[in-house]
Amino acid sequence: MVLGIDGGGTSCRAALADAAGNVLGRGKSGPANIMSDLEGARKSIVEAARLAFLDAGRDPALIPTVGAVLGLAGTNVGGYKQQLLDVLPFRESLVESDALIALNGALGDHDGAIAIIGTGSIFMSRKGKRLQTIGGWGFLLGDHASGARLGRSLLQEALLVHDDIRPGSALTRAVMERFEGDPRAIVKFGSVSKPGDFGTFAPMVFDFAAQGDPVALGLVARAASDIEEAVAALNLGDGDRLCLLGGLAGLYAPHLSEKYRAMLRPPLQDALGGAVAMAARMFGRAGTVAHG
């Protein structure tokens, strides 16, 4: 058996599969961003794997016998990847970015690009064997158009309105109502919140945008422009596929310009499917792959 694992800033999903990549069971747990919370990510990974074993009717005590491919947020920064490899319970582990497993799942054997827009954001393209990655630098300095950044921008906008710097709207009034009209409560929330906490406000922006709220439409337009700017830097050719992935993908798609909407294609599989396919190729046969 093999494991595919997809971990992000909001949740971690695991799929237990046979050597051919046929999924036997699935599990889901909490956040798994190794850059923002390494120990929390490890716990989420193990719990998702345990639930996948149970869902498949298999004994979780077998977890140390399987090879796993993990696509995780935060692998591109610092030494977090190696630190995680040292504490994972699997027989063999391959830790890659969440973007790489998503790319494999979405494109299959085709050239093209993906834009993952969830709690965080990252962009990746493949042309033959050449990979290019943009973003994925985390909430503080990157993750443009992500749910976390969109939610934070909304809270910033609410404070600008409170200070009479910008005109308000039904959206900013709704935000203030959530904090009982107290701007200090917004500041306190921001000081203790993680990306996922800010991301909880992103659906609210899209809900109000659908009603024509001017503040919401402005926030979405700026974020959609960020997406287009990143995709343009990937230099896609005619006929290349563009797949929008992540929890906000379907919400952003209608707000892209016609040029980019015309490039959109549905993903062949999701990121977890990409991880399972990679795990089956690497660990599903006799022999093993070293940690790395």
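Going from atom CG of Leu217 over to atom CZ of Phe208 covers 12.0 Å, rounded to the nearest 0.5 Å. Here Ile45 contributes atom CD1 and Ser93 contributes atom OG; the two are 9.0 Å apart, rounded to the nearest 0.5 Å. With values rounded to the nearest 0.5 angstrom, Met263 atom CE is found 10.0 Å from Leu244 atom CG. From Ile117, atom CD1 reaches atom CG of Leu245 across 9.0 Å, with rounding to the nearest 0.5 Å.
Side-chain atoms of Gln82 and Asp86 include a donor-acceptor pair closer than 3.5 Å. At a cut-off of 3.5 Å, with distance as the only test, a side-chain donor of Glu228 or Ser257 sits close to an acceptor on the other residue.
In this structure, Asp55 contributes its side chain and Arg26 its backbone to a donor-acceptor pair below 3.5 Å. When atom types are taken as modelled, the side chain of Arg166 and the backbone of Glu157 share no donor-acceptor pair closer than 3.5 angstrom. Between the Ser153 side chain and the Arg149 main chain, a donor and an acceptor come within less than 3.5 Å of each other. Of the possible donor and acceptor atoms, none in the side chain of Asp226 sits under 3.5 Å from a partner among the backbone N and O of His144. Of the possible polar contacts, one joining the Tyr252 side chain to the Ala145 backbone as a donor-acceptor pair under 3.5 Å is found. For Arg261 (side chain) and Leu256 (main-chain N/O), a donor-acceptor pair under 3.5 Å exists by modelled atom type. In this structure, Asp213 contributes its side chain and Leu171 its backbone to a donor-acceptor pair below 3.5 Å. Between the Lys28 side chain and the Ala48 main chain, no donor and acceptor come within less than 3.5 Å of each other. In this structure, the side chain of Asp197 engages the main chain of Lys194 through a donor-acceptor pair within 3.5 Å. Under the 3.5 Å distance criterion, the side-chain polar atoms of Ser44 are matched with a main-chain donor or acceptor of Pro31.
Taking hydrophobic clusters as Ile, Leu, Val, Met, Phe, Trp and Tyr residues chained together by side-chain heavy-atom distances below 4.5 Å, Val66 shares a cluster with Leu84.
Both the sub-6.0 Å distance and the 45° axial angle are satisfied by Arg152 relative to the ring of Phe139.
With a 4.5 Å cut-off on side-chain heavy atoms, Met1 and Leu62 count as touching. Looking at heavy atoms from C-beta onward, Phe283 lies out of side-chain contact with Leu3 at the 4.5 angstrom threshold.
More than 12 heavy atoms of other residues, nucleotides or ligands sit less than 6.0 Å from atom CG of Asp59. Around NZ of Lys127, the count of heavy atoms belonging to other residues, nucleotides or ligands within 6.0 Å exceeds 12.
A salt bridge links Arg13 with Asp270: at least one charged nitrogen is closer than 4.0 Å to a carboxylate oxygen.
In terms of heavy atoms, Gly181 sits closest to Pro183 at O-CD, 3.4 Å.
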*Determine, step by step, whether Ile63 and Phe53 satisfy the side-chain contact (heavy atoms from CB on, under 4.5 Å) criterion, reporting the C-alpha distance in whole Å, the side-chain angles of both residues, the deciding distance to 0.1 Å, and the verdict.*
CA-CA 8 Å; Ile63 285 177; Phe53 268 80; 3.6 Å; yes

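Centroid-to-centroid, the aromatic rings of Phe189 and Phe201 come within less than 6.0 Å.
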